[in-house]
Amino acid sequence: MKLLSCLVATALAAQAFAHYTFPSLVVDGTTTPAWVNVRQTNNFNTQAPVTDVTSPDLRCYDSAEPGTATTIQVTAGQQMGIMSDGTIYHPGVVNVYMAKAPDSVDGWAGDGDVWFKVYQISAVTNGGESITFPAEGVPGVTFTLPAALPSGQYLVRMEAIALHVASTFGGAQFYISCGQVEVVNGGSGTPGPTVAIPGVYTGYEPGILININYPIPTNYTQPGPAVWSG
């Protein structure tokens with residue numbers, strides 16, 4: 001019985017270690033404190049992923065405590081980042097979406113066809129010989145806000161899709177968080193294409209429902225819309 005208890009404890013510890021959240025932004029080279037400028041997600045303790053792409057939690061995973069963050073100022077055209085509480089442990093890909101609030105982003109749900117993609121990290125394939133995931137093992141992502149991004153308040157949504165058990169429907173694991181930013185000195189671009197979250201995925205996309213182990217995929221199709229760079 002004691003051995004069984006030790007094995008269960010070890011398995012649970014390993015499972016927790018393998019999961020992660022994204023509680024901080026990086027603005028002007030400084031990492032913000034956890035859950036200050038990022039909405040606290042339902043999994044801030046458990047680190048459990050979202051697996052149902054039709055769930056409202058696919059958006060910001062904040063149904064338990066919606067809109068808890070404060071808004072931080074960023075400048076259009078500057079670099080910003082989103083950091084994990086460890087590393088992106090699992091093999092998978094990353095999408096970063098943004099959505100402009102009609103007024104204040106505080107308490108705004110981000111519903112409707114309002115989300116556009118500003119950054120992604122895909123997989124690298126070699127005709128079936130290998131598949132690698134550049135996002136695996138990194139502590140966070142850094143990207144450049146489009147200079148043409150209009151001024152205003154936005155949600156910035158981090159989405160890391162873990163694909164290690166994605167060979168069956170519902171197996172892909174989505175690790176999500178939403179930061180709140182106010183973009184200043186913005187441009188006059190029209191971000192797009194815009195999508196709804198949930199709604200952007202069915203779960204049957206070839207980049208979501210995929211066996212990355214055998215046979216090794218000959219190519220990889222990043223889920224979601226094209227990146228808008230302005």
Side-chain angles (χ1 to χ4, degrees), residues 12-13 15-50 56-90 92-101 103-110 114-121 134-146 149 151-162 173-186 197:
L12 290 174
Q15 183 181 42
F17 176 74
H19 293 174
Y20 31 92
T21 62
F22 294 93
S24 301
L25 301 181
V26 180
V27 177
D28 291 330
T30 299
T31 301
T32 66
W35 311 119
V36 172
N37 302 116
V38 175
R39 294 181 175 185
Q40 182 173 284
T41 51
N42 297 359
N43 68 337
F44 77 100
N45 277 327
T46 68
Q47 298 183 316
V50 176
D57 275 330
L58 188 71
R59 189 179 299 144
C60 289
Y61 209 177
D62 66 343
S63 57
E65 293 287 341
T68 56
T70 58
T71 304
I72 189 170
Q73 193 173 92
V74 296
T75 302
Q78 82 170 109
Q79 278 197 334
M80 69 169 294
I82 305 172
M83 299 299 293
S84 75
D85 54 2
T87 63
I88 299 177
Y89 183 82
H90 294 305
V93 298
V94 164
N95 292 313
V96 178
Y97 290 85
M98 295 184 71
K100 189 175 187 294
D103 189 13
S104 171
V105 75
D106 291 337
W108 182 56
V114 294
W115 295 91
F116 56 97
K117 191 190 292 187
V118 293
Y119 184 68
Q120 66 183 27
I121 304 175
E136 184 179 4
V138 302
V141 302
T142 301
F143 60 97
T144 301
L145 292 167
L149 189 66
S151 297
Q153 296 197 0
Y154 290 80
L155 289 173
V156 182
R157 177 180 174 274
M158 173 65 175
E159 172 187 273
I161 310 175
Q173 299 178 354
F174 292 78
Y175 296 89
I176 298 161
S177 72
C178 287
Q180 295 187 186
V181 300
E182 180 179 10
V183 175
V184 298
N185 298 326
I197 301 175

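Hydrogens, waters and symmetry mates are skipped; everything else that's a heavy atom, side chains included, is used. In this chain, numbering begins with 1 at the start of the sequence shown.
Within 6.0 Å of atom CD in Gln78, more than 12 heavy atoms from other residues, nucleotides or ligands are found, so the atom counts as buried in its surroundings.
Note: Phe174 CZ to Leu58 CG = 6.0 Å, rounded to the nearest 0.5 Å.
With contacts defined as side-chain heavy-atom distances shorter than 4.5 Å, the pair Phe22/Val38 does not qualify. In this structure, Val141 and Val96 have side chains that are in contact, with non-hydrogen atoms separated by less than 4.5 Å. Between Val26 and Thr32, the closest side-chain pair of non-hydrogen atoms is not below 4.5 Å. Within the 4.5 Å cutoff, the side chain of Met158 has heavy atoms near those of the Val94 side chain.
Counting only distance, with no hydrogens or angles, the side chain of Ser24 and the backbone of Thr31 share no donor-acceptor pair below 3.5 Å. Side-chain atoms of Ser84 come within 3.5 Å of backbone atoms of Pro139 as a donor-acceptor pair (strictly under, hydrogens ignored). Judged by distance alone, with hydrogens and angles left aside, the side-chain atoms of Ser151 form no donor-acceptor pair with the main-chain N or O of Val184 at under 3.5 Å. Between the side chain of Arg157 and the backbone N or O of Arg59, at least one donor-acceptor pair lies under 3.5 Å. At least one donor-acceptor pair closer than 3.5 Å links the side chain of Thr68 to the backbone N or O of Gln40. Looking only at distances, no side-chain donor or acceptor of Asn185 sits under 3.5 Å from a matching main-chain atom of Thr75.
Side-chain N/O atoms of Asp62 and Thr41 include no donor and acceptor closer than 3.5 Å. A side-chain donor-acceptor contact under 3.5 Å links Asn37 and Thr70.
For the side-chain hydrogen bond (donor to acceptor under 3.5 Å, both in side chains) test, no residue two or more places apart in sequence or in another chain qualifies with Gln153. Residues meeting the side chain to side chain contact (heavy atoms under 4.5 Å, CB included) test with Ala69, sequence neighbours left out: Arg39, Gln180. Remark: Thr30 engages no residue in a side chain to side chain contact (heavy atoms under 4.5 Å, CB included) (not counting sequence neighbours). When the ring-ring contact (aromatic ring centres under 6.0 Å, His included) test is applied to Phe116, the partners found at least two apart in sequence or on another chain are Trp228. Among residues two or more places apart in sequence or in another chain, the side chain to side chain contact (heavy atoms under 4.5 Å, CB included) test is passed with Val181 by Leu25, Ile72, Val74, Met80, Met98, Tyr154, Val156, Val183. Taking Ala64 as the reference, Asn42 meet the side chain to side chain contact (heavy atoms under 4.5 Å, CB included) condition, with sequence neighbours excluded.
Relative ring orientation between Trp35 and Phe44 is described as perpendicular, the plane-to-plane angle rising above 60° on a 0-90° scale split at 30° and 60°. Using bins of under 30°, 30° to 60° and over 60° for the plane-to-plane angle, the ring pair Tyr97/Trp115 lands in the perpendicular bin.
Between Tyr175 and His19, the distance from one ring center to the other falls under 6.0 angstrom.
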